[in-house]
There are 2 protein chains.
Amino acid sequence: MAGIKDVARAAGVSVATVSRALSGRGNVSPSALAAVQQAAHDLGYVVSSTASGLASGRTRNIGVLVPVINHWFYASVLEGICTALMREGYDTTLYQLTKDPAQRHQIFSDFLQRQRVDAVIAVNVELSETEVVALHALDKPLVGVGGPLPGVPTLQVDDEAVSALGTAHLLSLGHTRVGYIGGSSETDVDFRVPSHRRIGYERALAEAGIDLDEALCVGADFTMAQGYTVAKQLLGNPDARPTAIFAASDEMAIGAILAARDLGMQLPRELSVVGVDDHELAEFFGLTTIRQLPHEQGELAVAMLLRAIRKEEPARAHTLGHELIVRNSTSRPPADH
Amino acid sequence: MAGIKDVARAAGVSVATVSRALSGRGNVSPSALAAVQQAAHDLGYVVSSTASGLASGRTRNIGVLVPVINHWFYASVLEGICTALMREGYDTTLYQLTKDPAQRHQIFSDFLQRQRVDAVIAVNVELSETEVVALHALDKPLVGVGGPLPGVPTLQVDDEAVSALGTAHLLSLGHTRVGYIGGSSETDVDFRVPSHRRIGYERALAEAGIDLDEALCVGADFTMAQGYTVAKQLLGNPDARPTAIFAASDEMAIGAILAARDLGMQLPRELSVVGVDDHELAEFFGLTTIRQLPHEQGELAVAMLLRAIRKEEPARAHTLGHELIVRNSTSRPPADH
DNA sequence: ATGAAAGCGCTAACAG
DNA sequence: CTGTTAGCGCTTTCAT
C-alpha cells in the first residue's frame, strides 16, 4: 500500500507538498500539483484517514443519530444525509439510539467520544438532559432534524401550520364535521409533534368558527393498523359521524381509507381524508396530503453542518417548507338530506 | 480532553500498561487493571479511535454497502447490522451505492481505501467485475447478504425453495390455476432473485403435475402499485382467471389483494394470495406469506464477520431459513359449478 | 507483569 | 512556493 512518501518520491517533491496538493490547503504550484496528482493516481494512493485524522483533528466523518432506521421518514432523511455527505467526500456513521439506557450510555460516553466524528446530526431523537450535555460537551457542530433539542439548531416543519392547512383544505370544501386522528399519549412524548398538529387542527376549526367536538378526535400510534382501527370507531358512530378526517400521518390516513372502504363507504363522496407526509404509498391510494420532503431535509442538514464545520457561519434553526398535494381522497361533503 | 498519559499518571503505571489494560491485550495484574479502569473512569478517558487505529491498524468500524436505504428490506437488514455491531463496540459506516458510476467509483477508489473500515458487508448490491476486484483488493473480511457476489461468502435465502413452498401451499389447498407475479426483465437484473422465484413456482407446479400457463405469469417491479396493476390484468381475464396468486413480494401481493377488492371479489373465498417477506404490513392485510427475517440476517452477517476479523474462522456462505406464515388471504378455491 | 521507546502515516509550523 | 521536522495519541516490540 503506497504511502505519502512514495508519492513524494515519485512526484519529486516533499511529503509536505504532497499533503498540501492533495488536501488543497496551502499553496502549491500548478506544476507540483499536477505531478503529485499524477503520481498519486499512478500509485493508487489514498490518504489514510486514521493518520490524517490523528494529525489534523479532522476525520471527514459525520455521526448520525436516529431512533429507528426501518421507517419511511427516518430512512428518507438518512438517505438524504448520506447522499449529501458522500458528495462532499464525507463518511456517514450511523448510531441507532434505542430506548435501552445501557446502549444509549455507550453511544454518548464511548462512541461519540472516540474522536471519530467531526460533527453530529440528530434526527428526531429525544434526549435526556445529560445526553444533551454530553452532546454539547463534544464541542462539535451539531444539527437537529425534526425534533427540537435544547440549544441545538434544528430544521423543522411547522407542524401546527401543516395541520392547520390540511384541516383548512377540508373546511374550505364545505366540511363541518372533520375528525382528527393524532398521536396517542404514548407517542405524544416524541417531541410534541402530535400535539402541535392537534393545535393546528383546532386553530383551523376556530378560524372557521366551528366548535371542537372531542368525540371526533382520536389517538393512534401513527401506523396504518391503528389508523384503521380508530377510524372505524369514528365512522361507526351512528349519530356523530364525520364527513372528513384529518390524520396526522399518511399511514394512519391510509388506514382510515381502508376502514371506510370496509364499511362500504364511497371515497371521497362519503368521506374525505387528508394525511401528512406524502408517504411513498400516498399516491397509490390517491391520498390528499401535506407533503414534507425528508430527503431534502437531510440534504439541508448536511449543508448547514458543513458550513459550520468550515466556520463559514454557525448553524441556525430553520423552518422547512410543506405543500398541500390534492389527490382523490378529498371532495365536497355529501349534500345534506 | 484526557489522554492516555493522564490516565497512566493517575493510575501510577506506564502508558503501555494502560493500553494493555483497556484493550484487554496482553497481561495486566488485577491491581493495575483496577487502578487503570478507575483512573480512566474518573478522567472520562476514551481511547482516540484515530490514534488507536493508526497505531494498531484496527478501526473498530465496519463499512456497509447498500443499494437503497429507504426500503423495508434494506432498512431492516441495516438495523440488524447496526444493532449487532454496536453491541460489539463497532461503528457502522454507511455507503449507499447508487447507479451513478462516478459515485460508485468514488466509493471503491476513495472511501473504502481510506483505511477507515476493518471489514465490509455488502447488502444485495450488484457489483461490476472491477468493483469486486477492488473489494477483494482491500484484503479485509467481506460478507454479502442477499445477493451472491463472486468470491464473497454470502448469506442468502433459498429463493427457489421459498416460492416452491408458497406455491405448494396454494396447490395443497386445491388450487389448480395459480397465477404468478414476479419481477420484470428490468428488476431481473438484480441477482436473479425473481427468476429463482419463478423457477420455484414452476417446480411446485410440475411436482403437482400441473402445466405451466404463461398467461398466468406477469412481471412487476416489486411495488404495491405495480402489483395492483398487473393483478387487475390477471383477474380481469374472463376465461383464464386464476383462483390464486403467488407474488414474489408482499408489497406486490398486497397490491393484488387491493386489486381483487376493487374488482369486488371476496378474499380468500374467490381468490387466495401468497406473498414473500412478511413485510410490516403483511399482518395488517392478513396476508399469508413466506417470512424471511432481514433483521436477523443483518445480525448473522455481523457475527460471521466478527469471527473472520478475530481469525476464529473464515466467513462461509450460508443459507438462511424461511417460514410459511398462514393468515387470512388463503383458503380452498371456490367450488366449481 | 511492566516500562521505555520506536513507530503508525500524516499535517502544520517554521524556516527558507 | 517548498522542504524539514516535530508532533498527533496510541500500540507494540523488546527488555527487564
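Labels below follow one simple rule: chain letters A, B, ... track the order of the sequence lines, proteins then strands, and each chain is numbered from 1. The structure presented is a predicted model; accordingly, all values stated were derived computationally and were not measured.
Side-chain atoms of B:Ser31 never come within 3.5 Å of backbone atoms of B:Ser29 as a donor-acceptor pair (strictly under, hydrogens ignored). Panel note: side chain B:Ser76, backbone B:Trp72; a donor-acceptor pair is recorded below 3.5 Å. No side-chain donor-acceptor contact under 3.5 Å links A:Arg58 to the backbone of A:Asp118.
For the residue pair B:Asn61 and B:Thr93, a side-chain donor N or O sits within less than 3.5 Å of a side-chain acceptor on the partner.
Using a 4.0 Å cutoff to heavy atoms of chain B, the contacted part of DNA chain C runs 5' to 3' from C:dA1 to C:dG9.
Atom P of nucleotide D:dG9 and atom CE of B:Met1 are separated by 11 Å, given to the nearest angstrom. Computed from coordinates, the A:Arg9 CZ to D:dG3 C1' distance equals 16 Å when rounded to whole Å. The CG-P distance, from A:Asn27 to D:dC1, rounds to 4 Å in whole Å.
Counted within 6.0 Å of CD on B:Glu129, heavy atoms from surrounding residues, nucleotides or ligands total 12 or fewer; the atom is thus considered open.
No side-chain heavy atom of B:Ile81 sits under 4.5 Å from any side-chain heavy atom of B:Glu299.
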*If a protein heavy atom is under 4.0 Å from the base, mark B; if only from the sugar-phosphate, S; if neither, -; do that for nucleotides 10-16 of chain D going 5' to 3'.*
BBBB---

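Judged by closest nucleotide on DNA chain C, B:Val28 is the one of A:Thr50 and B:Val28 placed further toward the 5' end.
Figure legend: A:Arg114 and A:Phe111 shown as a cation-pi pair, the cationic atom lying under 6.0 angstrom from the six-membered ring centre and within 45 degrees of its axis.
A:Gln292 approaches A:Gln297 most closely through the heavy-atom pair OE1-NE2, 3.3 Å.
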